[in-house]
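Notes for the one structure printed next.
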Amino acid sequence: MRAEQLLEDLTKPQREAVTHGDGPLLVLAGAGSGKTRVIARRAAYLAVTAVPARQVLAITFTNKAADEMRQRIVALGVGGGMTIATFHSFCARLLRQYAERVGVTANYSIFDQSDRVRAIKKAIGQCELASEDWKPSQVEGRISHAKNHMQSPEDLAGESVDFADKTVGRIYAEYEQILAANNALDFDDLLVRMAVLLEQDKELRAQLEDRFRYVLIDEYQDTNRAQYLIARRLTEQRRNICATGDPDQSIYGWRGADLSNILEFEADYPDAKVVRLERNYRSTQRILSAAGELIQSNILRKDKTLWTDNPQGSPVQVMTCDDEQDEARQITERIARLRRQGRPLREVAIFYRVNAMTRVLEDALRAGGLPYQMARGVEFYNRKEIKDVLAYLRVMVNPADEIALVRIINTPARGIGKTTVERLGSYARQHDLPLMDVVRQTETLKQLGPASGRVATFGQLLDRLGKLVELKSVRDIVEKALDLTGLERAVLEREGRDSEQARNLAELVSGASEYDVEHLDGSGSLVDWLAMVSLVNDIDKLDENLGAVSLMTLHAAKGLEFDVVFIAGLEEGLLPHVRSRDSQAEMEEERRLCFVGMTRARKSLTLSHALYRSFRGSVLRTVRSPFLDELPSGQVDWVDYSEQGGSRRSARTRLPRWPIGQLMYHPEYGLGRLIRLDRVGGRPLVRVQFNLYGEKSFTADESELKPVELDGDTDP
DNA sequence: ACGCCAGAAGTTTTT
DNA sequence: CTTCTGGCGT
């Protein structure tokens with residue numbers, strides 16, 4: 001495509017961003033302002049006017065974003081040879097190439113979160129700490145946090161006076177040793193090591209700068225310290241960095257994203273050209289002004305006003321419901337009505353703050369006969385059947401990977417239990433041998449007792465698997481491994497041919513097959529594919545062609561758009577979440593999260609809150625979210641479906657006439673005495689002191705609570 | 001070595 | 001309320 005054609009249908013600011021030549025460029029792109037389109041055009045434009053496509057590097061955060069960008073650029077007819085990757089996959093690839101400079105070999109393993117927890121558990125044990133006091137998953141979080149901020153174990157142990165931090169520092173140091181022994185890097189390392197490598201290795205930096213003349217970084221507001229440093233160091237000489245993002249959509253602060261990276265871009269690069277894309281092409285005026293008004297309450301932000309020429313649209317609605325069931329029901333009814341009016345369900349989404357809220361929504365949708373699909377974040381990465389296969393392949397590629405080895409040694413079950421694994425482990429430690437070697441020499445280890453034969457068989461399996469590595473086709477390797485290991489058989493026997501697990505395995509094979517086809521020139525390898533699948537998983541993506549309502553967390557909603565959007569649970573403690581209560585910065589992040597959700601909507605937006613919500617078993621009175629009060633009253637319709645609101649007053653509001661002190665029976669909690677009976681917000685609330693379980697609250701009409709007649713039948 | 005039951009714990013998740 | 005873990009029993 002010619003350069004002029006790339007500019008034809010662009011607005012003036014969009015065109016400025018696309019045609020900007022050399023030097024730093026910041027594109028502040030508001031929600032729905034056509035950002036992806038602009039970056040794709042810019043990448044294409046550079047490839048047409050400035051340099052060969054292969055000298056352009058575009059970095060995104062998610063695979064989905066990378067895929068979308070690749071598609072768009074290819075559609076423009078200039079994508080050949082351009083590097084479009086996520087931060088993680090880009091770094092993983094380079095680290096493989098320069099492995100020896102970071103102390104691993106090219107076949108290194110990539111540890112995901114669960115591998116990390118296992119390794120940290122081991123580290124805690126080696127530090128002779130009790131895992132009751134130091135919970136692996138919590139320590140994992142702290143170590144990840146430290147890595148995200150480029151802190152070494154020494155930094156953590158040295159800088160802090162806090163005993164807990166010092167201990168975490170010790171575990172961290174031990175964990176790093178385990179990683180090294182396993183020839184492994186974790187997700188965070190991919191970024192951290194790359195940042196360090198770029199700092200230390202001037203020659204490599206120059207080499208890469210020569211290779212990538214223009215660097216485009218998407219979602220810059222979500223970069224953490226390491227990503228920021230990588231971006232800077234990759235563009236040190238030529239300074240052809242193009243950062244795009246929106247400070248108002250930064251929602252990953254708790255994962256180490258540093259909002260100041262984008263806010264201070266102009267301080268970092270005083271000569272930066274700044275382009276603001278403030279025209280929204282997505283939403284109605286009312287949706288946009290409601291969202292805009294909300295975000296104005298944030299103090300730490302770059303002022304920006306989104307505007308649109310779209311129709312005014314119908315008002316944003318706020319629904320007040322009785323409880324979460326009622327809320328789910330109201331949403332379902334509305335969606336059912338939309339469907340009758342001919343709105344395709346794929347254009348409808350429900351967002352919520354926490355995954356725990358899905359259950360009631362699912363129940364209501366099912367009851368209403370509405371098909372739905374859920375986007376579940378990390379769930380996919382933890383699919384057992386996939387991880388099992390990958391663990392075998394990891395061991396084949398990297399025999400030092402003991403985390404993977406321990407995972408597969410008894411998967412599928414082959415009679416090698418905990419005790420045997422422990423014995424193998426302590427033997428390895430005593431003789432300072434890799435676990436792999438101990439497993440393979442087991443004929444000499446008669447002391448294993450009855451398990452020795454089974455370990456020997458496992459060793460032979462590993463031998464046979466090892467030969468597969470020579471095969472050219474990744475598909476063949478995966479298929480043969482599935483067969484030899486018995487994993488496929490186990491899944492088919494246990495779950496059946498049509499089970500989700502079986503389908504996932506088939507999906508993995510077809511993924512390998514696709515990879516083969518894409519690498520017919522011989523450039524592919526098992527190592528490479530393995531790295532790719534541990535970083536890229538698009539099996540779980542939402543299917544747009546499916547006629548179903550989409551359910552997802554507000555975090556997962558970023559980057560998507562729907563005609564009709566519902567956001568449930570606008571309540572104090574939920575949105576904003578309790579965790580953010582004490583910090584202004586976190587509170588602002590919650591507001592941005594709400595803003596992100598609202599700006600996903602094209603035509604219709606409904607926010608809801610419930611007056612009561614069950615939480616861990618008991619019903620609690622809620623307080624509506626302060627965000628609701630920050631919306632412009634003129635643009636918003638408040639609809640009160642609650643009994644308190646008077647629109648549906650019923651017998652349910654009647655207060656039972658039991659005396660205080662009445663003996664009560666509950667099938668779950670047993671006997672107790674009524675200690676309070678009152679009306680909270682128009683709804684009868686019963687409080688009972690149970691003999692064994694303490695105080696609990698119930699709504700009189702819905703609970704299974706019954707008064708006990710002293711001379712009557714006490715059985716429920 | 002495996003399965004079951006009791007007890008404890010429990011926010012958000014791009015990779 | 002749920003989900004997961006770890007301990008105990010077979």
Side-chain angles (χ1 to χ4, degrees), chain A residues 59-66 85-92 110-117 121 131-132 135-138 140-141 144 147-148 185-191 218-219 221-224 226-227 249-257 324 351-360 375-382 410 413-421 450-451 454 531-538 540-541 552-560 569 573-581 586 589-590 592-594 596-597 613-620 668-669 696:
Chain A
I59 304 183
T60 62
F61 273 77
T62 66
N63 295 301
K64 202 169 157 251
T86 64
F87 261 108
H88 286 85
S89 64
F90 175 70
C91 292
I110 298 171
F111 277 13
D112 71 7
Q113 193 168 345
S114 65
D115 296 321
R116 238 151 65 157
V117 171
K121 209 169 177 175
S131 56
E132 301 93 71
K135 302 205 63 184
S137 62
Q138 278 175 17
E140 191 269 338
S144 179
K147 286 194 177 185
N148 280 326
L185 298 176
D186 64 27
F187 278 152
D188 296 328
D189 284 334
L190 296 178
L191 307 175
D218 196 15
E219 307 279 17
Q221 77 281 358
D222 284 331
T223 49
N224 64 22
Q227 287 159 329
Q249 293 185 65
S250 164
I251 54 174
Y252 285 102
W254 51 274
R255 281 216 74 185
E324 71 269 27
F351 305 151
Y352 37 82
R353 179 64 234 262
V354 296
N355 273 314
M357 290 173 66
T358 55
R359 185 169 225 98
V360 245
R376 305 214 72 167
V378 289
E379 300 277 292
F380 178 80
Y381 306 101
N382 298 323
N410 198 33
R414 54 171 68 87
I416 304 176
K418 217 172 163 182
T419 342
T420 311
V421 174
R454 288 174 287 215
M532 196 187 85
V533 290
S534 32
L535 297 170
V536 178
N537 267 309
D538 52 350
D540 223 14
K541 71 184 167 209
M552 67 191 79
T553 62
L554 285 161
H555 283 93
K558 193 165 82 163
L560 304 177
L574 210 48
L575 184 64
H577 198 274
V578 257
R579 260 289 287 255
S580 57
R581 188 166 31 186
E586 285 176 76
E589 182 155 311
E590 295 290 310
R592 290 194 294 269
L593 195 52
C594 190
V596 166
R613 192 174 290 274
S614 344
F615 186 69
R616 291 190 203 167
S618 51
V619 178
L620 298 175
E668 184 77 31
Y669 302 112
K696 302 272 175 197

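Chain letters run A, B, ... following the sequence lines, proteins first and then strands; every chain starts at 1.
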What integer distance in Å separates [X]:[atom1] from [N]:[atom2]?
| X | N | atom1 | atom2 | value |
| --- | --- | --- | --- | --- |
| A:Met532 | B:dT15 | CE | C1' | 14 Å |
| A:Lys135 | C:dC4 | NZ | P | 13 Å |
| A:Gln249 | B:dT13 | CD | P | 17 Å |
| A:His555 | B:dT14 | NE2 | P | 9 Å |
| A:Leu620 | B:dG10 | CG | C1' | 15 Å |
| A:Met357 | B:dT13 | CE | C1' | 17 Å |
| A:Asn148 | B:dT15 | CG | C1' | 11 Å |
| A:Phe90 | B:dT15 | CZ | P | 17 Å |

Taking OP1 and OP2 of [N], is either one under 4.0 Å from a side-chain nitrogen or oxygen of [X]?
| X | N | answer |
| --- | --- | --- |
| A:Asn355 | B:dG10 | no |
| A:Thr420 | B:dA1 | yes |
| A:Arg353 | B:dT13 | no |
| A:Ser580 | B:dT12 | no |
| A:Gln138 | B:dG10 | yes |

Margin query: Both A:Leu554 and A:Thr419 contact DNA chain B. Taking the nearest nucleotide for each, which residue is further toward the 5' end?
Written below: A:Thr419
Margin query: Assuming nearest nucleotide by heavy-atom distance, tell me which of A:Val578 and A:Arg414 is located more 5' along DNA chain B.
Written below: A:Arg414
Margin query: Would you say the base of B:dT14 stacks on A:Tyr252 (centre-to-centre below 5.5 Å, plane angle below 30°)?
Written below: yes
Checklist line | Aro-ring/base stack A:Phe615-C:dC1, d under 5.5 Å, angle under 30° | finding: no
Of all the choices, [options], which nucleotide is nearest to the side chain of [X] once you look at every atom?
| X | options | result |
| --- | --- | --- |
| A:Asn63 | B:dT14, B:dT15, C:dG6 | B:dT15 |
| A:Arg359 | B:dT12, C:dT3, B:dT15 | C:dT3 |
| A:Arg255 | B:dT12, B:dT14, B:dC2 | B:dT14 |

So what does [X] touch, heavy atoms closer than 4.0 Å: a base, only the sugar-phosphate, or nothing?
| X | result |
| --- | --- |
| A:Ser618 | nothing |
| A:Ala257 | nothing |
| A:Leu574 | nothing |
| A:Thr553 | sugar-phosphate |
| A:Asn410 | sugar-phosphate |

Does [Y] offer a backbone N or O that forms a donor-acceptor pair with the side chain of [X] under 3.5 Å?
| X | Y | result |
| --- | --- | --- |
| A:Arg353 | A:Leu575 | no |
| A:Glu324 | A:Met357 | no |
| A:Glu590 | A:His577 | yes |

Notebook entry, point to check: Any idea how A:Phe187 and A:His88 line up, ring-wise: parallel (<30°), tilted (30 to 60°), or perpendicular (>60°)?
Noted result: perpendicular
Next item on the list: Report the C-alpha distance between A:Leu620 and A:Ser614 in whole Å, list the side-chain angles of each, state the deciding distance to 0.1 Å, and finish with yes or no for side chain to side chain contact (heavy atoms under 4.5 Å, CB included).
Entry: CA-CA 6 Å; A:Leu620 298 175; A:Ser614 344; over 6 Å; no
When you compare [N] with [M], how far apart are their [atom1] atoms, in angstrom units rounded to a whole number?
| N | M | atom1 | answer |
| --- | --- | --- | --- |
| B:dT14 | C:dT3 | C1' | 25 Å |
| B:dT13 | C:dC4 | P | 15 Å |
| C:dT5 | B:dT12 | P | 15 Å |

Next item on the list: List the steps and the verdict of side-chain hydrogen bond (donor to acceptor under 3.5 Å, both in side chains) for A:Gln221 and A:Glu219.
Entry: CA-CA 5 Å; A:Gln221 77 281 358; A:Glu219 307 279 17; 2.7 Å; yes
Margin query: Between A:Arg116 and A:Ser144, do the side chains contain a donor N or O and an acceptor N or O under 3.5 Å apart?
Written below: yes
